[in-house]
Amino acid sequence: MKITPAHDPNDYDIALRHNLESVTVIDHDAKMTGPVQEKFIGLNRFECREEVIEDLKKLNLIEKEENYIHNVGHCHRCETMIEPDISKQWFLKTSEIAEPAIEVVEKNKVVFIPDKWKKVYFNWMFNIKDWCISRQLWWGHRIPAYYCSKCGEIMVEEERPEKCSNCMSTEISQDEDVLDTWFSSALWPFSTLGWNVNSEDFKTYYPTSIMATGFDIIFFWVARMIMIGVHFTGEVPFREVLINGLIRDGKGQKMSKTKNNAVDPLDVIDKFGSDALRFTLAIQAVPGMDISFSMNRIKGYKTFANKIWNASRYVIMNLRGDEDFNIDFEKTTVTDKWILNFLNNIIEKVNDLMDNYRTNEAADLIYHFFWHEYCDWYLEFAKNDIDNIDTRKVLKFTLFRLLQLLHPFMPFITEEIYQTIKIDEDFLIQTKFPSFSSKMVFIEEYKDIELLKKIIMETRKTRTENRIDPNKKIDIYLKSESEKERKIISNLLIYFDFLTKSIKTEIKDDFSNLPKGFRGICLGWEILLPFSNNGDRLEELKRLKKEFDKVKNQIKKLGENLSNKDFVSKAPESIVSNFKKNLQIFIDKKEKIQKTISDLS
RNA sequence: GGGCGGUUAGCUCAGCUGGUAGAGCAUCGGUUUUACACGCCGGUGGCCAGAGGUUCAAGUCCUCUACCGCCCA
């Protein structure tokens with residue numbers, strides 16, 4: 001049997017078990033050395049193999065040759081085949097410093113986010129091995145070990161000793177090796193704050209609040225920093241470890257140079273902008289989950305940046321220079337109050353989400369609010385009230401708040417826009433991040449405008465689906481049995497007419513004696529677009545029949561639940577009453593659709 | 001071999017403590033209206049991998065199966 005404990009890990013283990021000697025026969029240039037036959041010495045390893053085979057053949061000791069697959073290590077840079085070698089290295093004994101490091105995580109002095117990564121940490125810490133901390137590299141912290149060249153004494157000291165502590169010789173040399181990169185990384189607090197743990201800096205900034213990193217670094221850095229930090233200071237180096245996912249390619253593969261599937265961020269930034277890239281990653285970064293890189297999504301969020309730019313441009317164009325943030329709520333409109341209340345809600349939610357590191361949901365929320373509430377609705381509403389200074393104040397104030405909310409996700413475009421609307425602080429980042437304000441609570445106005453939006457949407461839908469010329473100004477009748485709601489909507493008709501292209505809208509409590517027409521139904525309201533507006537009756541019939549089936553289905557579902565004794569007795573009161581309310585709404589709707597169908601037929 | 005994660009609209013992915021499914025892109029119809037056609041208005045599209053279980057109620061909790069991926073040995 002051939003065995004080379006000095007040049008193969010498996011053989012090394014066998015040698016340990018059987019008390020065999022490890023004999024070095026390959027030197028650092030991969031040439032043969034040591035106690036081998038004279039003629040082999042100096043040959044490189046590949047030549048030597050051939051020679052050995054030849055010799056064995058001569059001795060008639062080769063039974064057969066065959067190819068098989070095995071694993072051989074290669075240098076990751078130059079691909080050179082690696083030959084394992086035995087050498088003297090410095091090791092850190094980990095058993096003692098690992099225990100306190102396990103304890104601080106068990107006692108939640110260090111918290112992993114998401115929590116599941118704690119298991120990965122424990123798994124590694126419970127199976128920890130002594131840590132080889134010396135490396136044969138040029139760069140790094142040099143190991144503070146000194147050798148006496150006379151007597152061979154080893155001295156580990158902070159400062160280079162003048163004399164050998166054993167024989168007093170002055171011929172002293174320092175170890176050539178440097179510390180493992182991760183050992184140096186573990187020393188980060190000391191490198192940055194100084195080596196005196198009683199210093200002011202140390203007392204102020206240690207421990208730090210959070211360590212953000214990838215899961216693959218839990219072993220390399222997080223665990224080591226905790227061990228070293230706890231050992232030298234008795235205190236954890238950070239309170240929280242936020243684990244983010246890795247960015248993978250479109251197929252979910254880890255990006256790597258050898259696979260050639262890596263993406264250069266600078267190329268992406270050239271194409272879509274750094275804000276778009278940053279926002280895309282932020283909105284896709286579900287805590288602890290990997291991200292599949294998708295160019296299409298970045299492209300989508302580039303258009304968002306464009307939208308922000310244009311909306312801001314519009315707002316700035318309409319400002320008259322006299323807008324500060326002292327808004328007189330007595331003089332603001334219902335729609336102003338609606339957007340302020342909405343904004344206030346978003347601010348509250350975003351703060352909550354950010355506190356819980358659910359940044360992806362925060363980004364999504366802001367995105368939707370900016371585009372589909374502020375732009376789609378509020379900017380349109382405000383066009384009617386642009387001469388009202390307090391509306392312009394709200395317009396500017398809301399934009400400012402949105403820039404603040406967006407700033408962590410899109411720092412460049414938001415800062416650029418801020419520069420043109422700023423009031424006091426020089427830079428956006430200096431302003432105080434928004435928080436919920438009890439002064440901006442306008443529940444009633446919020447509800448009123450939400451109702452108005454629904455009616456407008458239903459009207460548009462009815463219009464479009466019946467092929468009424470989109471540019472044609474038409475007459476519209478609205479009906480509700482609720483006097484309160486009729487009053488609310490009649491006060492908001494100016495917005496309604498503008499956004500539905502209505503010449504004249506009449507609000508009724510009854511539709512009899514009116515011309516026949518296309519109908520829409522929503523939230524107890526009915527919309528009537530007279531046939532005189534033209535349109536396609538057959539399309540309408542088709543649409544209504546489809547909707548009729550939908551409603552019937554929903555009534556069936558809700559009815560099933562409500563006739564279930566268990567549901568009624570066990571489900572919470574609020575759910576049951578909600579179901580009942582919805583059932584009534586759908587029943588009403590069904591009747592109205594039936595009426596409309598008969599009108600049309 | 002051990003551990004972890006994924007399987008939701010054509011594609012890439014959200015969906016917190018269980019209460020009748022969302023985004024971006026794509027697609028279809030309409031629209032060049034004085035912030036934006038990188039736009040606006042409207043629509044289509046999903047028995048939430050499969051099977052069982054818990055529950056009045058499951059994309060959401062539990063078990064198993066299949067496939068995909070990652071980490072450790």
Side-chain angles (χ1 to χ4, degrees), chain A residues 114 116-117 119-120 122-124 127 129 214-216 218-219 245-246 248-254 272-273 276 279-280 283-318 349 352-353 356-358 360-361 363-365 367-368 371-372 374-376 379-380 382-383 395 399 456-471 473 498-501 539 543 546 550 553-554 556-558 560-572 574-576 578-579 582-583 586:
Chain A
K116 65 173 185 177
W117 294 109
K119 279 166 81 178
V120 176
F122 284 140
N123 186 42
W124 192 71
N127 297 299
K129 299 194 172 114
F215 69 84
D216 49 341
I218 292 175
F219 312 141
L246 302 182
R248 302 180 181 279
D249 73 2
K251 290 171 195 157
Q253 304 278 316
K254 197 168 168 178
F272 305 111
F279 193 81
T280 309
I283 209 165
Q284 285 195 270
V286 179
M289 294 282 300
D290 291 346
I291 293 173
S292 280
F293 193 81
S294 158
M295 284 291 187
N296 267 336
R297 288 199 68 162
I298 301 177
K299 201 172 141 198
Y301 293 114
K302 185 199 168 203
T303 67
F304 179 47
N306 193 55
K307 187 74 179 177
I308 295 169
W309 186 257
N310 281 307
S312 304
R313 206 160 56 90
Y314 168 77
V315 172
I316 291 161
M317 260 168 48
N318 282 286
K349 281 183 189 155
D352 185 53
L353 289 167
N356 289 296
Y357 300 112
R358 284 158 59 182
N360 63 312
E361 288 176 61
D364 191 58
L365 206 60
Y367 172 92
H368 187 270
W371 198 317
H372 300 299
Y374 184 66
C375 293
D376 288 355
L379 292 190
E380 297 305 323
K383 282 174 184 174
L395 203 56
L399 176 64
I456 290 174
M457 287 191 275
E458 183 64 26
T459 307
R460 283 170 173 168
K461 188 172 143 194
T462 311
R463 227 188 127 116
T464 312
E465 294 201 323
N466 295 306
R467 314 281 144 119
I468 295 172
D469 179 356
N471 287 319
K473 298 261 187 184
F498 178 63
L499 294 175
T500 57
K501 293 197 170 139
E539 278 297 317
R543 184 181 77 85
K546 208 169 152 188
K550 237 187 202 168
N553 212 359
Q554 276 161 324
K556 196 180 141 207
K557 268 194 197 164
L558 287 169
E560 273 168 7
N561 268 310
L562 286 167
S563 59
N564 181 341
K565 276 178 205 159
D566 287 329
F567 171 75
V568 178
S569 61
K570 286 183 186 172
S574 61
I575 299 283
V576 176
N578 222 343
F579 271 52
N582 284 338
L583 181 64
F586 283 123

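Proteins get letters first, then strands, A, B, ... in listed order; numbering begins at 1 in each. Quantities reported herein were computed from a predicted structural model and do not represent experimental measurements.
Within the 6.0 Å centre-distance limit, the rings of A/Tyr367 and A/Tyr301 are counted as a close aromatic pair.
If you find the closest nucleotide of RNA chain B to A/Tyr314 and to A/Arg358, the one lying nearer the 5' end belongs to A/Arg358. If A/Thr303 and A/Lys299 are placed on RNA chain B by their nearest nucleotide, the residue sitting closer to the 5' end is A/Lys299.
When Watson-Crick and G-U wobble pairs are counted only if both distances are under 3.5 Å, B/rA66 pairs with B/rU7.
Nucleic acid contact class of A/Leu379 (heavy atoms, under 4.0 Å, all strands): base. Across all strands, A/Lys349 comes closer than 4.0 Å to no nucleic acid atom at all (heavy-atom distances). Note on A/Phe304: nothing from the nucleic acid sits closer than 4.0 angstrom, heavy atoms only. The residue A/Asp376 sits close only to the backbone: its heavy atoms come under 4.0 Å of sugar-phosphate atoms, none of a base. Residue A/Trp371 is in sugar-phosphate contact alone, with no base atom involved, counting any heavy-atom pair closer than 4.0 Å across all strands shown.
Separating the CD atom in A/Glu380 from the OH atom in A/Tyr374 is a distance of 12.0 Å, to the nearest 0.5 Å. For the atom pair A/Thr500 OG1 and A/Ile456 CD1, the distance stands at 6.5 Å (nearest 0.5 Å).
Taking atom C1' in both B/rG45 and B/rA57, one finds a spacing of 27 Å when rounded to whole Å. B/rC4 sits 22 Å from B/rG18 when the P atoms are compared, rounded to a whole Å. Annotation: B/rU44 and B/rA35 have their C1' atoms spaced 30 Å apart (nearest Å).
Distances were taken from every side-chain heavy atom of A/Tyr301 (C-beta onward) to each of B/rG43, B/rA35, B/rA23; the shortest belongs to B/rA23. Minimum atom distance to the side chain of A/Asn360 is reached by B/rG15, of the listed B/rG15, B/rA35, B/rG42. When distances are taken from the side chain of A/Asn306 to each of B/rC38, B/rG42, B/rG15, the shortest belongs to B/rC38. Comparing B/rA35, B/rG24, B/rU12 against the side chain of A/Gln284 picks out B/rU12 as the nearest. Out of B/rC72, B/rA23, B/rA35, the shortest distance to the side chain of A/Phe219 is found at B/rC72.
For the side-chain contact (heavy atoms from CB on, under 4.5 Å) test, residues two or more places apart in sequence or in another chain that qualify with A/Asp376 are A/Trp371, A/His372.
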